[in-house]
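Notes for the one structure printed next.
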Amino acid sequence: MNLMANILLNVLIAFLIGSLLFGLQRKVMARIQTRPGPPIIQHLLHTLKFFIKESSFPYTAAMPFYIAIASMLCAIWVSAVIVGPVIEGSLLLFFGIYALQKIVEHNAGSSSGSPYGKLSCVRAVFSAAAEVPLFAVLVIIYLQTQTMVISDIINYQAVNGPLIFTIPLAALMFFVLILSKSPYSPFAITKGKDIVSGYETEHFGVLRGYLMISESIAWYMLLWVFLTVFIGPLGILGYLVGMVAISVLIAFINSITPLLNPNHSIMVQITFAFIGIVGSLVLMLVM
Amino acid sequence: MTTLKVSSYAIFLLSISGIIYALLFNPADWIVYAISIVLIPTFILSLGLILMAQVKKEEEDERRNEPFIGY
């Protein structure tokens, strides 16, 4: 297939499936909380709705940075789609993309001029301090497989079995990272309702829809990386079942867990990172 | 608003041309990656800026002079 067509197709799939999974997550959360909840397609409809709403830009916004930062979020997750499903490139690039995502959260908050955005901007730095150590999961994967390239990791698993069985604590670390990025997560301190919508508070109308597209792609990509790196070679059905299963599990966790305050959130994440790194190293030495 | 409209159409045309170029002419991989990373987001943004609803003429003043409720 033509490379550009391949990229466009993958971006479209990532957006549509990511949006539907977010919708599914809200539905499951609602049912657990004995509410009917919105239809599964609601998140996708919301995203599209924002594109035809009247938009305005706050006087306090730092233009053009305020708009450019939303574009940057989209650009980095399009890059993730290229590094992931399209070329099955290096996990290190994915780490770079994730680090950029934290910078976007930080700058989107500060560029709007809103105090809620600024508070979220501070929290983004705070949470990066916890989420980046969680990404040390890459070191564990490298030590186990001797490679960082996704296609080689897939081949390794085809021969030696899924990594989730050999380095389960590393898989747990990555799962906590995914959990941190989900809406209504106990670790979602940058978008906690105590600061309205965090760094997105002043991005409304078309820019909110734009951010939501990027977030849907991001959600799909995080699940894709988890399934590819820890479960191994999967078909389309395998990916779909895996993504739905993880989204439902996360919805269950989110619906019964309150949002942690920033200090607790960071400490819990760092504890998971510590247990994951040390535990994985011990397991690798023993086994 | 006119400046925004004109620049949105310009960016939209530029990004759609770049994407069609990559689709039709199959340039080197790094060019396709660059086009994808830069032009897909700008395509979505410009499309949004073109499609978004415009403020009605009679409501424009209300929008501009809304008292700043402050932070």
Side-chain angles (χ1 to χ4, degrees), chain A residues 1-8 10-12 15 47-60 63-64 67-68 70-83 86-87 89 97 112-119 201-202 204-214 217, chain B residues 1-12 14-71:
Chain A
M1 189 195 276
N2 175 292
L3 182 59
M4 188 72 210
N6 192 3
I7 294 169
L8 284 174
N10 273 291
V11 169
L12 189 65
F15 162 58
T47 307
L48 301 177
K49 176 193 76 179
F50 278 124
F51 273 80
I52 49 169
K53 285 283 176 190
E54 187 188 318
S55 299
S56 55
F57 307 109
Y59 280 126
T60 47
M63 291 292 235
I67 293 179
S71 295
M72 191 171 156
L73 186 67
C74 190
I76 61 173
W77 287 109
V78 168
S79 312
V81 171
I82 295 172
V83 174
V86 175
I87 60 169
I97 285 163
S112 68
S114 150
Y116 303 114
K118 282 176 183 161
L119 205 50
T201 305
E202 296 281 332
F204 28 69
V206 68
L207 289 181
R208 175 61 70 87
Y210 197 28
L211 288 176
M212 286 170 79
I213 286 181
S214 312
I217 298 174
Chain B
M1 200 46 106
T2 319
T3 322
L4 182 68
K5 208 78 186 156
V6 171
S7 47
S8 303
Y9 273 107
I11 295 168
F12 179 75
L14 186 76
S15 48
I16 199 89
S17 328
I19 291 169
I20 289 171
Y21 163 75
L23 275 172
L24 297 181
F25 296 101
N26 241 339
D29 286 359
W30 70 270
I31 298 177
V32 179
Y33 298 146
I35 286 175
S36 308
I37 293 167
V38 177
L39 297 186
I40 292 177
T42 50
F43 167 75
I44 300 170
L45 176 64
S46 57
L47 187 67
L49 291 173
I50 291 167
L51 288 179
M52 72 181 187
Q54 301 297 318
V55 60
K56 287 182 192 138
K57 204 74 188 158
E58 60 269 24
E59 289 176 359
E60 205 165 307
D61 186 56
E62 190 184 305
R63 295 281 196 281
R64 279 185 199 286
N65 295 323
E66 188 186 349
F68 180 63
I69 49 173
Y71 300 120

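Values below: every heavy atom of this structure, side chains too, minus hydrogens, waters and symmetry copies. Below, read A as the first sequence line, B as the second, and so on, with proteins coming before strands; counting in each chain starts at 1.
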* Structure fact -> When rounded to the nearest 0.5 Å, the distance separating CD1 of Ile20(B) from CE of Met4(A) is 10.0 Å

* Asked: Once you round to the nearest 0.5 Å, how far does CG of Leu49(B) lie from CD1 of Ile67(A)?
  -> 6.5 Å

Between [Y] and [X], is there a side-chain heavy-atom distance shorter than 4.5 Å?
{"X": "Ile40(B)", "Y": "Ile7(A)", "answer": "yes"}
{"X": "Tyr210(A)", "Y": "Pro41(B)", "answer": "yes"}
{"X": "Cys74(A)", "Y": "Ile44(B)", "answer": "yes"}

* Structure fact -> Heavy-atom closest pair (Ala5(A) atom, Leu23(B) atom, distance to 0.1 Å) is N-CD2, 3.6 Å

* Closest contact, heavy atoms only, Met52(B) versus Lys53(A) -> CB-O, 3.4 Å

* Check each atom of Leu207(A) against the heavy atoms of chain B and say whether the ones under 4.5 Å are side chain, backbone, both or neither. => side chain

* Where does Ile76(A) contact chain B at under 4.5 Å (heavy atoms): side chain, backbone, both or neither? -> neither

* Asked: Most heavy-atom pairs under 4.5 angstrom with chain B, which of Leu3(A), Val206(A), Val78(A)?
  -> Leu3(A)

* **chain A contact via Ile19(B) - side chain, backbone, both or neither, heavy atoms under 4.5 Å** => both

* Contact part of Ile50(B) toward chain A, heavy-atom cut-off under 4.5 Å: side chain, backbone, both or neither? -> neither

